[in-house]
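The structure appears right after this line, and notes come after that.
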Amino acid sequence: MKLDAPLRAGEVALVGAGPGAASLLTLAAASLIADCDVIVHDALVSDEVLAMAADSAEIIAAGKRGGRPSASQDDICDLLIELAQAGKRVVRLKGGDPFVFGRGGEEVRALAKLGIAFRIIPGITAGVAAPAMAGIPVTDRSVNATLAFLTGHEANDDSRMDWPALVRAFPVLVFYMGARNLERIASCLLKAGLDAQTAVAIIHAATTDHEQTTIGSLQAAAAGQLQAQSPAIVIIGDVVASRTIWRDEF
Ligand code: SAH
């Protein structure tokens with residue numbers, strides 16, 4: 001099956017919308033967005049991407065369904081099922097890549113269980129795109145042979161994170177959802193033995209008009225001296241210190 005073939009009635013495409021700029025969509029994402037009956041999107045999907053929908057397409061913000069502040073994952077799965085069973089051609093649009101901290105797995109399992117046809121279109125994930133905008137390669141031969149993508153929601157004492165093991169195994173750490181917990185993340189890493197002078201970059205709203213990059217040290221982050229506002233990628237490691245600035249937007 002061609003990934004960019006037109007959707008059939010009752011089919012759902014789980015589509016990665018990339019970090020924000022419409023120019024970073026895949027060709028398959030662009031054509032499915034432009035030719036579907038309904039788009040169900042997350043809060044992180046940019047207006048620029050949504051503007052590519054056909055005028056006839058219904059656009060549903062899954063985060064604000066039915067006037068409630070936030071739809072549960074079950075509600076979103078039910079909505080996708082309902083739309084598919086009504087014969088709609090559905091694009092489920094998610095920021096970045098649908099399978100990277102995006103709960104895409106839960107949605108495709110719910111569809112597969114009922115025999116609903118679906119396809120998966122990967123997107124450029126923020127953990128790679130945001131550092132690139134700041135001139136930071138997430139791997140650099142002289143720095144790291146491994147790379148960790150982590151959620152910043154687990155930065156507490158009873159978390160599943162083994163901080164000393166992370167520090168030993170991964171010279172570069174990329175945190176999603178880390179802005180709100182930055183101080184705590186940095187403190188955990190300091191306590192786990194990471195050098196206080198290790199460079200930290202916080203890239204907010206990468207590839208959008210609001211993009212902003214803040215650079216500092218692990219010590220400054222732990223002391224609450226670095227500004228971090230969601231959505232932001234936090235990248236920690238020597239690749240940050242050796243970045244090459246290539247744009248003047250920040
Ligand atoms: N599936 C998404 C991640 C969803 S989790 C992906 O692959 O990118 C939500 C987190 O993604 C945010 O808290 C933030 O850490 C990150 N994020 C998404 N878009 C971003 C952007 N344009 N700039 C910086 N961070 C972004």
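First listed ligand is number 1; within each ligand, the first listed atom is number 1.
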ask   = At a 4.0 Å cut-off, with the gap strictly under it, does some heavy atom of Gly20 reach an atom of ligand 1?
value = no

message = Tell me the closest heavy-atom pair linking Val91 and Leu32, and the distance in Å.
response = CG2-O, 3.6 Å

key: Proximal ligand 1 atoms for Phe101, defined as those under 4.0 Å from one of its heavy atoms   = 4 (C), 5 (S)

ask   = Hey, quick one: are Val138 and Leu150 part of the same hydrophobic cluster, counting side-chain heavy atoms closer than 4.5 Å, chains of contacts allowed?
value = no

task = Considering heavy atoms of the protein only, find what lies nearest to atom 24 (C) of ligand 1 and give residue, atom and distance to 0.1 Å.
result = Ile203 O, 3.4 Å

inquiry  = To check you understand the geometry: which heavy-atom pair defines the closest contact between Pro122 and Pro98, and what is its length?
reply    = CA-CD, 4.2 Å

key: Heavy-atom pair of closest approach, residues Asn181 and Gly152   = ND2-O, 2.7 Å

query = Got the closest protein heavy atom to atom 10 (C) of ligand 1, with its distance?
reply = Met177 CG, 3.8 Å

key: Spacing of CD1 belonging to Ile235 relative to CD1 belonging to Ile202, to within rounding of 0.5 Å   = 12.0 Å

key: Nearest-contact summary for atom 22 (N) of ligand 1 - protein heavy atom, Å   = Pro19 O, 2.8 Å

query = For ligand 1, is Thr207 a contact, meaning one of its heavy atoms is under 4.0 Å away?
reply = no

remark   = Looking only at protein heavy atoms, what sits closest to atom 19 (N) of ligand 1 is Ala126 CB, 3.8 Å

Per-atom contacts of ligand 1 with Leu44, taking only distances under 4.0 Å to non-hydrogen atoms = 9 (C), 18 (C)

ask   = For His204 and ligand 1, does the shortest N/O to N/O distance drop below 3.5 Å?
value = no

inquiry  = Once you restrict to heavy atoms under 4.0 Å, what part of Ala179 touches ligand 1? Side chain, backbone, both or neither.
reply    = neither

request  = Tell me, please, which residues at least two apart from Arg119 pass side-chain hydrogen bond (donor to acceptor under 3.5 Å, both in side chains).
outcome  = Glu11

request  = Check Leu7 against Ala13 and note the closest heavy-atom contact, atom names and distance.
outcome  = CD2-CB, 3.8 Å

ask   = Side-chain donor-acceptor pair under 3.5 Å between Glu107 and Gln73, yes or no?
value = yes

message = Starting from atom 3 (C) of ligand 1, what is the nearest protein heavy atom, named by residue and atom, and what distance separates them?
response = Val100 O, 3.5 Å

ask   = Considering only the protein, which heavy-atom contact is closest to atom 2 (C) of ligand 1, and what is its distance?
value = Gly95 O, 3.2 Å

ask   = Which ligand 1 atoms does Thr125 reach within 4.0 Å, using its non-hydrogen atoms?
value = 6 (C), 7 (O), 8 (O)

ask   = What is the nearest protein non-hydrogen atom to atom 11 (O) of ligand 1, stated with its residue, atom name and distance?
value = Tyr176 CD2, 3.6 Å

ask   = Under a 4.0 Å heavy-atom limit, does Ala232 contact ligand 1 with its side chain, its backbone, both, or neither?
value = backbone

task = Decide salt bridge (Lys or Arg N to Asp or Glu O under 4.0 Å) for Lys88 and Glu58; before the verdict, give the C-alpha distance in whole Å, the side-chain angles of both, and the deciding distance to 0.1 Å.
result = CA-CA 10 Å; Lys88 304 284 189 195; Glu58 186 186 352; 5.5 Å; no

Polar atom proximity, Ala206 to ligand 1 (N or O, under 3.5 Å) = yes

remark   = Sorted by chain and number, sequence neighbours left out, side-chain contact (heavy atoms from CB on, under 4.5 Å) with Leu114 holds for Ile81, Gln85, Ile116

